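Worksheet: one structure, shown below.
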Amino acid sequence: MTDVLVVGAGPTGVTLAIDLARRGVPVRIIDRAPAPFAGSRGKGLTARTLEAFDDFGIVGEILALGHRGLPHRVTVRGEVVSDADPSARLSDSADRPYAVGPILPQFHTEQVLRNCLADHGIHVEYGAEVVAVEQDGGGVTAHLADGTAIDSQYLVGCDGGGSAVRKALGVGFDGQGGFQAMLIGDVEVTGLTPDRWYQWTDPDRGFLALCPFRRTPVWQLQAVPFADFGADGTLPEPSLDYFQRLVDDLTEQPGIRLSNPTWMSTWRVNVRMAERFRVGNVFLAGDAAHVHPPTGGLGMNTGIQDSYNLGWKLAAVLGGGDPALLDTYEEERRPIAAWTLGFSTDGLDRVTGDFADGTPRGIAAHGADREQLGLDYRFGSLATDLARVSTVHAGDRAPDAPCRDPFGDPVRLFDVFRGPQVTVLGFGGAPVVSLAGRHVVVARVGTAPGPDVDLVDDYGCARAAYGVDGDAIVVVRPDGYIGMTAAADQIEEVRAYLARFDSPRPR
């Protein structure tokens, strides 16, 4: 028996397996496919996902593979109406080191994640299809198509919108589909310089986009050919010849040639959310729990963050923590999934409306939370503000800030947070040393070097990011959200809060 069986090896599943493996939790990850997915499908990462990847130590690889600040050239009826980076107003800052996420093909993201997982000694087991799931008080049994079975204490279905795990549980998948559809595929392109995300629209004929990637000759094609929809909403089967005809028709720009297609598909509107994210010892994450329109590129990112939320909680409970921690997964993630459904559906309606009134502005996402940095868990039972000692609240994302270590070397708060532990920041004279343990790191933040200072905040960036004036205690969860804020004299209350998590197994 393994502690956790992860079903589905896309970004959601591999993220969860990494988060468990780095905590020393025995985990297996299986996928029904015979090999990794080879398409570019989910091509955008948000700033919040980059912060999770920073925690995993892989953010540098991801940034090296992606475009940040890729201009969008929007052409309407043959006239260029804009040619700029829609995220240009966003810039990295002391508290937000990744203000905007990169564009890169999903196959690159997945490869980096699989390499990270392999560094922990875990490899995806391909060709393993789940056909039934049973559970009792002793755990979960996954029955496979080849007649074998895998026993585990917990099972997490990360197996996509058609989730076999969700269906085996009998969990409803409420929502709706629609006639709106889009052709999508990976091709090589000549006749265009790969320094723009090119988008062409004719409100009478349709929409087409070609997005280049770094470190690969592949471009992603997206197309909505209005005239080709059948009465039942179907589109012709994607093919290279059909894609080329769309390019010729919708761009009216001779010399653009497509070749070497590696993945082609038809996407149809599907907006659904599972009735429950948990049944006993079985959980649902990513597309198995919620599917959204691609507008805004939040689907894959939301799944990654589902796993980032669930991983530390499973590890804590397996290590002896409060079993009620597992109830907070659905409590916290379901409202985020509902927000994402609304945000992406509104974005799709905006784009569709732009087509209808003849004023397309491109397919960039709009809204303050496009990068998912402003989403919070203030509403959750793990968020506790014992005292208003800070302008940030329990449940908020924990900001970054540059400081110095006791030797004068630069260090960031994210460097301190990195890893599977809970972090307790003690501002000023807060006596947090006694809270340290094998699952808790404490960092005393002062304005000048001294024997009782672990982080020197001599420029005041940390105090500014957290809005702290005097002495204060801030507890940062393993997933980079603030769990508790407290006054310096509330040590015992903080200790009781930390006891809920007990001890994740050391790496």
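Note that this is a predicted model, so its numbers are computed, not measured. Numbering of residues begins at 1 and proceeds along the displayed sequence. Excluded from the calculations below are hydrogen atoms, water molecules and symmetry mates; all remaining heavy atoms, backbone and side chain alike, are included.
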Do NZ/NE/NH1/NH2 and the carboxylate oxygens of [X] and [Y] come within less than 4.0 Å?
X    : Y    : value
E332 : R477 : yes
D415 : R418 : yes
R23  : D3   : no
E330 : R276 : no
D327 : R278 : yes

Does [X] reach the side chain of [Y], with side-chain heavy atoms less than 4.5 Å apart?
X    : Y    : value
Q222 : W197 : yes
V494 : M484 : yes
L144 : I30  : yes
T302 : H290 : yes
S390 : V468 : yes
D287 : S163 : no
F56  : R22  : yes
L386 : Y497 : no

Treating [X] as the side-chain partner and [Y] as the backbone partner, does any N or O pair qualify as donor plus acceptor under 3.5 Å?
X    : Y    : value
D95  : A465 : no
R68  : V100 : yes
Q135 : N281 : yes
D31  : Y126 : no
D479 : N309 : no
S87  : L90  : no

Between [X] and [Y], is any side-chain donor less than 3.5 angstrom from a side-chain acceptor?
X    : Y    : answer
N301 : Q372 : no
Y377 : R333 : yes
R495 : S434 : yes

If you look at every heavy atom in H67 and P212, which pair is closest and at what distance?
->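 Shortest heavy-atom contact: CD2-O, 3.6 Å.
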Please state whether the rings of F283 and Y154 are parallel, tilted or perpendicular, taking 30° and 60° as the class boundaries.
->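 Tilted: the ring planes of F283 and Y154 meet at 30° to 60°.
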May I ask you to decide if the ring planes of Y466 and F427 are parallel, tilted or perpendicular, using 30° and 60° as cut-offs?
->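 Geometry flag for F427 against Y466: tilted rings.
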Can you measure from CG (D119) to CD1 (I18) and round to the nearest 0.5 angstrom?
->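 With rounding to 0.5 Å, CG (D119) is 9.0 Å from CD1 (I18).
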Atom pair CD/CD1 of Q305 and I336 - distance to nearest 0.5 Å = 8.5 Å
Checking R397 against Y98: charged group under 6.0 Å from the ring centre and within 45 degrees of the axis?
->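 R397 over Y98 ring: no.
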